[in-house]
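The structure under discussion appears below in the form of structure tokens.
Predicted model only: the values in this text are computed from it and were never measured. Atom set for the values below is all heavy atoms of this structure, side chains included, hydrogens, waters and symmetry mates excluded. Along the sequence shown, residues are numbered consecutively beginning with 1.
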Amino acid sequence: MVHLYNLHPFGSQQVVPCKLEPERVCGGGRDALFVAAGCKVEAFAVAGQELCQPRCAFSTLGRVLRMVYSEAGDYLVAIEEKNKATFLRAYVNWRSKRTENSRVCIRMVGHNVEVPFRDSFRDQMSIVEMPLSEAPLCISCCPVKGDLLVGCTNQLVLFSLKCQVIDEEFSVLDFERSLIIHIDCITPVEISFCVGYVAVMSDLEVLILKLESDPKNGERVNHHSHKTHTPVNRTEEGTGSKTSQLEPDDFVICQKPTELLGEKSEQSGLSVTLESMGWADGSTEYCHVRHLLYRRFTPDVSFYSLSDEIKLHSLHLLPVFHTGLLTSDGKNVSQEKELLSLFCFFSLPHVGYLYMVVKAVELMSIYQYPEKSQQAVLTPQFLHVITSNNLQCFTVRCSAAAAREEDPYMDTTLKACPPVSLDVCALRIQLFIGLKAICHFKNHIILLTKAEPEAIPERRESPKRLLSRKDNSVKNKIPPAVEAGWNLYIVNTVSPVQLYKEMVDYSNTYKTVKTQSCIHLLSEAHLLVRAALMDTGQLEPGEKAELLEAFKESCGHLGDCYSRLDTQHSHLTLPYYKMSGLSMAEVLARVDWAAENEPQKYEKGLIFYINHSLYENLDEELSEELAAKVVQMFHVTEPKQLPHILCSPSMKNVNPLTALSYLSKLDTYGFSSILVTLTKAAVALKMGDLATYGSEMKSHSEMKLVCGFILEPRLLIQQRKGQMVPTELAVHLKDTQPGLLVAAVLGLQKNNKIGIEEADSFFKVLCGQDEDKIPQLLVDFWEAQLVACLPDVVLQELCFKLTSQYIWRLSKRQPPDTTPLQTSEDLSLICGPSFDIASIIPFLEPLSEDTAAGLSVHVLCRTRLREYEGCLDTLLERCPQAVIPYANHELREENRVCFWIPFSGLTVVVRVDDLGAASA
């Protein structure tokens with residue numbers, strides 16, 4: 001389905017001042033236009049909106065049959081005909097051609113330029129002649145490397161662009177015949193070439209190949225041909241014996257229409273062979289071929305069509321390169337052109353086909369023309385098609401496909417893009433009489449028109465003869481005295497931003513009725529801007545910033561549509577609003593709020609966006625008025641989300657009375673009443689209503705309250721501007737119920753709601769301690785972790801942190817800042833033999849042996865290391881009365897002995913195992 005709009009993609013136009021009737025036209029990079037007529041080529045300067053001015057002219061060997069410009073290398077190549085012979089010539093350094101009679105250097109391809117002639121080569125145009133064994137039929141240049149591909153009967157010849165260095169200050173362009181691609185049973189009418197991708201088109205067939213380096217021998221020149229195996233016979237079985245007795249004019253034998261994608265395209269029946277022509281120094285780049293697409297069409301005989309009406313035309317390979325403008329990092333991937341995606345277009349007279357051929361081969365769009373087309377050109381933003389009297393502009397989906405290739409976050413909650421399957425639309429069908437040819441470069445469309453006198457049919461052929469294999473087209477009789485008038489126009493396309501604004505204005509006609517047409521047109525506007533940003537080579541200075549602003553605006557418009565329309569894609573509200581850069585308050589300000597006494601309808605797209613945004617802990621605080629509207633919104637649509645909504649930092653300014661009122665109306669059946677209780681308690685605490693707070697906290701056991709905190713961690717911990725902030729409830733629990741707080745944070749950690757380092761930071765911030773100081777509440781949390789039987793790796797780390805803290809307190813004689821939650825009986829697990837005592841030996845140096853606690857720790861640690869003699873010597877010197885108990889223990893290994901050494905409110909727990917080792 002093709003949507004039709006009446007927009008204005010075409011701007012001003014001007015007439016090219018050609019002296020002769022143009023036969024071939026092509027663009028010349030960013031600022032030139034080439035026009036071939038007779039045995040002459042004229043170059044015109046094209047700069048923005050200024051008038052087209054003649055630049056230079058040069059003679060050709062004969063009449064120009066085909067002409068192509070390559071921006072890489074800045075050269076023009078042409079197929080010329082003289083005396084029924086065809087020649088292939090490249091025009092290099094053409095910008096140095098000052099006048100038509102200026103000197104020209106003609107040289108054979110591969111000819112070495114001598115140093116004495118460098119000055120003449122620098123200041124004059126060079127013509128490089130490239131002889132071929134077969135007559136050239138069509139040509140194409142790689143837009144990245146500038147390599148030249150020439151199509152001949154049953155073969156393609158690749159010329160690699162080379163830079164021939166004359167000396168340190170001067171070099172000239174040259175070509176090297178590097179590869180011949182033999183393709184049996186196909187005569188190319190048009191070809192297209194781009195960084196190893198080759199598209200070949202005959203009258204009714206299209207073949208796309210990928211030239212690759214051999215995976216194993218990519219650096220070695222392969223002078224042997226590589227041939228693809230094609231087991232399928234191209235001739236239909238059983239036709240030969242039945243038609244051998246029939247006259248050739250009586251029937252037309254048509255093969256079935258075929259579409260083969262990927263590896264299946266090797267079954268097309270076409271034999272493809274590579275013949276390397278490179279030198280033996282390993283300069284061959286391609287030595288393997290991979291089939292990507294084969295499509296064969298069959299004429300529809302039911303219409304008795306003329307042969308010219310069933311031929312393919314306008315083959316294009318369109319590359320899209322990495323830009324990085326709209327990716328997550330926002331930086332360009334590389335200064336060099338790196339292929340991101342590639343698209344192939346070809347057309348029948350009444351329908352066009354657009355394929356994506358990189359990574360996966362896929363048919364993206366089908367274009368149905370309202371009348372017979374003559375030619376088409378594909379750009380990153382549009383497909384321009386000409387008929388006999390119309391210039392048609394269609395949208396394309398290249399940017400949508402390329403965006404998904406470039407950004408891994410596409411089609412997530414972070415980013416979105418209109419789908420590739422979105423119906424295409426015709427932006428405009430512009431009347432243009434006598435259109436004959438079209439080409440495109442930069443933001444210009446070149447149109448050749450010719451007003452033919454009325455054609456008088458000489459006679460009408462019968463349908464049988466029209467479908468004959470012989471070309472019996474209708475012959476027209478033109479009065480010899482009448483000459484046709486012609487013109488060559490440059491039509492400037494309007495800037496993407498200007499067309500985008502018109503599309504947005506046009507979409508407002510659908511806004512009130514809330515239809516899908518509004519989304520479709522705004523999606524087209526979004527893709528238009530996205531395509532312009534991807535085509536960075538065509539951006540004018542200062543246009544990039546304007547396009548980025550339009551891109552954000554288009555995302556906001558699409559977010560508005562999906563938030564208001566009840567569609568299956570309403571979830572796209574979230575990524576589009578994110579890409580728009582709008583704040584939550586700005587989004588809520590765009591909502592059509594109902595009057596005070598009127599019912600308000602909330603669409604699911606807006607609900608999804610607000611709910612998800614409040615879960616993300618955005619650094620944005622809604623005003624009291626907007627917060628009240630959000631509470632009302634969720635009370636009506638999703639009441640079970642109300643406790644979570646009120647815990648968001650963005651809802652900080654909500655009126656506590658309003659929040660408590662809505663919470664009291666909740667029917668807790670079906671979802672957690674514990675969460676509602678905790679939310680009520682938090683709101684009551686914020687109001688200073690300690691009675692209500694205490695009543696709510698006492699309504700459930702501590703274990704159930706811990707479960708409630710696990711359901712909503714933001715009751716205790718919130719993120720603001722990237723920093724972890726304890727809530728008012730957490731601060732109150734620290735002073736009144738520290739055990740509940742420690743148990744709640746431990747529950748969050750075990751349920752992966754908070755990390756280990758985050759939990760440590762939380763207690764430090766909560767207790768107002770520096771990073772270097774360890775509050776007792778954090779020690780309590782470590783001890784609770786130890787009791788919770790964490791994995792061995794974490795257990796060793798916890799033992800190390802606890803032991804280090806105990807030793808520090810002993811050495812500094814520093815008591816805990818709060819009363820410890822655990823007693824020595826609770827902590828008997830840390831006295832086990834599994835702890836690696838050697839890891840804490842370096843930390844014992846500050847701990848003096850002059851105190852009982854210090855001496856005990858030193859002796860026990862050395863005992864764990866089996867340094868018994870040293871321990872006895874130390875005890876004899878500092879504490880003789882402990883020698884006998886110590887010796888008794890060492891002599892009775894079957895017993896366990898525990899030493900409890902009280903010191904300033906701190907209990908040091910020591911246990912000696914069966915083998916006489918001890919842990920501290």
Point to revise | Residue pair Cys142 / Ala72: nearest heavy atoms and the distance that separates them | key: O-CB, 4.4 Å
Point to revise | Intermediate values then yes/no, ring pair (Phe, Tyr, Trp, His ring centres under 6.0 Å), His526 and Tyr500 | key: CA-CA 8 Å; His526 176 86; Tyr500 158 77; 9.0 Å; no
Exercise for review: Of all the heavy-atom pairs spanning Ser507 and Leu521, show the shortest one and how long it is.
Suggested key: N-CD2, 3.6 Å
Review point. Side chains of Arg428 and His8: does their closest heavy-atom pair fall under 4.5 Å?
Key: yes
Review point. Do Ser341 and Met356 touch side chain to side chain, with heavy atoms closer than 4.5 Å?
Key: yes
**Study point:** Heavy-atom check, side chain of Leu447 versus side chain of Leu488, under 4.5 Å
**Key:** no
Exercise for review: Any chance you could measure Tyr75, atom OH, to Ser126, atom OG, to the nearest 0.5 Å?
Suggested key: 14.5 Å
Review point. Are side-chain heavy atoms of Cys141 and Val77 found at a separation under 4.5 Å?
Key: yes
Check your understanding: Below 6.0 angstrom between ring centroids: does that apply to Phe346 and Tyr355?
Key -> yes
Practice item. Compute the ring centroids of Tyr489 and Phe432, then answer whether they are less than 6.0 Å apart. Key: yes
Review point. Hey, are the side chains of Arg89 and Val128 touching, using non-hydrogen atoms and a 4.5 Å cut-off?
Key: no
**Study point:** Heavy-atom check, side chain of Gln374 versus side chain of Pro349, under 4.5 Å
**Key:** no
**Study point:** Asn492 and Gln13 side chains, donor-acceptor separation under 3.5 Å
**Key:** no
Exercise for review: Write out all pairs satisfying salt bridge (Lys or Arg N to Asp or Glu O under 4.0 Å) with one or both partners inside residues 60-78, taking only residues at least two apart or from two chains.
Suggested key: Arg63-Glu81, Asp74-Arg95
Exercise for review: Would you check if the distance from the ring center of Tyr91 to the ring center of Phe58 is below 6.0 Å?
Suggested key: yes
**Study point:** Interatomic spacing from CD1 in Ile438 to OG1 in Thr449 - rounded to 0.5 Å
**Key:** 12.5 Å
Review point. Which pair of heavy atoms, one from Cys18 and one from Glu42, lies closest together, and at what distance?
Key: CA-OE1, 4.1 Å
Check your understanding: Is the gap between the ring centers of His384 and Phe394 under 6.0 Å?
Key -> no
Study note, to complete from the structure: Correct closest heavy-atom pair for Pro136 and Thr86 would be CD-OG1, 3.2 Å
